[in-house]
Amino acid sequence: MKIPDRRIELFTGAGSEDRFGGPATGDERSMLVAMLDAQRATLRLKCSGLGPEVALRSAAPSSLSLLGLVRHLADVERRWFRAVLAGHDVELRFSSGEVPEGDFDGAGPEPEVIAASWAAWREEVAFAEAFVAQAPHLDVEGRDAWRGTVSLRWVLVHLIEEYARHNGHADLLRERIDGAVGV
């Protein structure tokens with residue numbers, strides 16, 4: 001057996017090969033959307049094939065887990081696309097002022113918690129994708145209490161950064177769970 005030369009060759013889950021197949025030239029929206037899609041696919045890949053162990057914590061006292069990341073990113077998608085850009089009056093799904101770490105602390109191994117967490121993430125991603133597809137341009141703006149006025153362009157860049165950072169956490173968490181490594 002040949003030992004892979006690069007970590008990218010080590011993780012061969014479904015969808016691993018075509019995640020970064022988006023355009024490298026062309027219009028800004030297409031490139032930003034493709035890069036965000038690749039980051040979302042990476043999160044799915046890092047969690048693929050896992051059951052209750054998706055909720056395993058990184059190491060005490062941290063509450064960081066793959067399922068916590070899914071729940072956190074569902075809240076991130078909801079905040080930026082649904083609340084800030086679309087202007088909907090909605091609460092986050094998992095975190096609140098009373099339970100600020102609800103995304104991670106509530107990420108338990110029960111099948112119903114896992115299913116509900118993934119369903120919430122998929123719903124928020126679907127809303128975001130529809131919002132972006134219907135937006136007339138990347139300069140659509142929303143108002144955020146933290147950042148002030150933000151554009152769709154800024155939100156897309158921010159979400160790419162947010163996913164990329166948390167996918168780095170997901171790399172380490174997955175390797176700790178079952179030894180699967182790679183990008």
Side-chain angles (χ1 to χ4, degrees), residues 7-8 10-16 18-19 35-86 88-132 144-147 155-156 158-183:
R7 289 178 78 81
I8 194 169
L10 298 174
F11 201 102
T12 58
S16 64
D18 58 352
R19 285 177 293 149
M35 191 57 68
L36 181 53
D37 287 347
Q39 293 300 323
R40 288 172 175 151
T42 298
L43 178 67
R44 284 191 305 271
L45 177 65
K46 292 301 172 183
C47 298
S48 67
L50 297 177
E53 58 274 5
V54 74
L56 289 175
R57 310 299 175 139
S58 61
S62 175
S63 61
L64 187 66
S65 69
L66 288 170
L67 189 61
L69 291 173
V70 169
R71 292 161 58 96
H72 172 71
L73 289 164
D75 274 355
V76 168
E77 296 261 6
R78 184 174 182 89
R79 174 180 178 213
W80 289 110
F81 289 105
R82 199 179 293 265
V84 172
L85 289 174
H88 295 178
D89 185 19
V90 295
E91 299 295 323
L92 297 179
R93 290 177 176 260
F94 303 107
S95 298
S96 67
E98 298 78 39
V99 187
E101 296 294 322
D103 44 4
F104 290 98
D105 293 342
E110 300 81 11
E112 60 276 5
V113 172
I114 295 169
S117 299
W118 278 110
W121 181 79
R122 283 191 298 275
E123 286 174 24
E124 296 307 329
V125 167
F127 180 88
E129 289 173 338
F131 183 90
V132 173
D144 178 63
W146 170 55
R147 292 291 301 183
V155 170
L156 288 169
H158 176 63
L159 266 282
I160 293 166
E161 176 274 330
E162 184 87 6
Y163 271 92
R165 183 166 45 96
H166 290 311
N167 282 336
H169 299 134
D171 283 340
L172 298 172
L173 288 163
R174 183 61 189 256
E175 186 171 2
R176 189 167 195 276
I177 290 169
D178 65 1
V181 296
V183 292

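From a predicted model like this one, the values you see are computed outputs, not experimental measurements. Side chains included, hydrogens not; waters and symmetry mates left out as well; all remaining heavy atoms used.
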Rounded distance [0.5 Å steps], CH2 in Trp80 versus CG in Leu156 = 12.0 Å
ask   = How about Phe94 and Asp105: do any of their side-chain heavy atoms sit closer than 4.5 Å?
value = no
ask   = Can you check whether Glu77 reaches Phe127 side chain to side chain, under 4.5 Å on heavy atoms?
value = no
remark   = Here the gap from Leu172 atom CG to Lys46 atom NZ, rounded to the nearest 0.5 Å, amounts to 9.5 Å
task = Kindly compute the distance separating CG (Leu66) from SG (Cys47), expressed to the nearest 0.5 Å.
result = 4.5 Å
request  = With side-chain contact (heavy atoms from CB on, under 4.5 Å) as the test, would you mind laying out the steps for Ile177 and Leu50 before giving the verdict?
outcome  = CA-CA 9 Å; Ile177 290 169; Leu50 297 177; 4.0 Å; yes
inquiry  = Holding to side chain to side chain donor-acceptor pair (under 3.5 Å), I want the full list of residues that pass it with Arg93, two or more places apart in sequence or in another chain.
reply    = Glu123, Glu124
ask   = Under 4.5 Å between any side-chain heavy atoms of Leu67 and Val113, yes or no?
value = yes
inquiry  = Quick check: closest heavy atoms across Pro100 and Gly97, and the distance to 0.1 Å?
reply    = CD-O, 3.8 Å
query = So how far is it from Arg176 CZ to Leu64 CG, rounded to the nearest 0.5 Å?
reply = 10.5 Å
query = Does Glu53 reach the side chain of Asp178, with side-chain heavy atoms less than 4.5 Å apart?
reply = no
ask   = Looking at residues at least two apart in the chain, or sitting in another chain, which of them share a side chain to side chain donor-acceptor pair (under 3.5 Å) with Trp121?
value = Tyr163
query = Pairs in or reaching into residues 107-118: which pass side chain to side chain donor-acceptor pair (under 3.5 Å), with residues at least two apart or in two chains?
reply = Arg71-Ser117
query = Does a side-chain heavy-atom distance below 4.5 Å link Leu56 with Ser65?
reply = no
task = For Arg165, enumerate each residue passing the side chain to side chain donor-acceptor pair (under 3.5 Å) test, keeping only those at least two apart in sequence or located in another chain.
result = Glu161, Glu162
Check: Val90 and Arg79 side chains under 4.5 Å, non-hydrogen atoms = no
request  = Would you check, one step at a time, whether the test salt bridge (Lys or Arg N to Asp or Glu O under 4.0 Å) holds for Arg78 with Asp75?
outcome  = CA-CA 5 Å; Arg78 184 174 182 89; Asp75 274 355; 5.8 Å; no
message = Could you measure the distance from the CD atom of Gln39 to the CG atom of Leu159? Nearest 0.5 Å is fine.
response = 10.5 Å
ask   = How close do Gly68 and Ala107 get, heavy atom to heavy atom, and via which atoms?
value = N-CB, 3.6 Å
ask   = Tell me, which pairs form a ring-ring contact (aromatic ring centres under 6.0 Å, His included) where one or both residues lie in residues 45-73, sequence neighbours left out?
value = His72-Phe104, His72-His166
Any Val70 side-chain heavy atom under 4.5 Å of Leu43 side chain = yes
key: Minimum side-chain heavy-atom gap Asp103-Leu73 below 4.5 Å   = no
key: Chi angles and distances behind the side-chain contact (heavy atoms from CB on, under 4.5 Å) call for Glu129, Asp37   = CA-CA 9 Å; Glu129 289 173 338; Asp37 287 347; 3.8 Å; yes
key: Set of salt bridge (Lys or Arg N to Asp or Glu O under 4.0 Å) partners for Glu101, sequence neighbours left out   = none
key: Sidechain-backbone polar pair: Thr42 side chain, Ala38 backbone, donor-acceptor under 3.5 Å   = yes
query = Step by step, would you call Arg57 with Ser63 a side-chain contact (heavy atoms from CB on, under 4.5 Å)?
reply = CA-CA 6 Å; Arg57 310 299 175 139; Ser63 61; 3.1 Å; yes
request  = Look up atom CG in Asn167 and atom CZ in Arg40, then write down how far apart they are to the nearest 0.5 Å.
outcome  = 11.5 Å
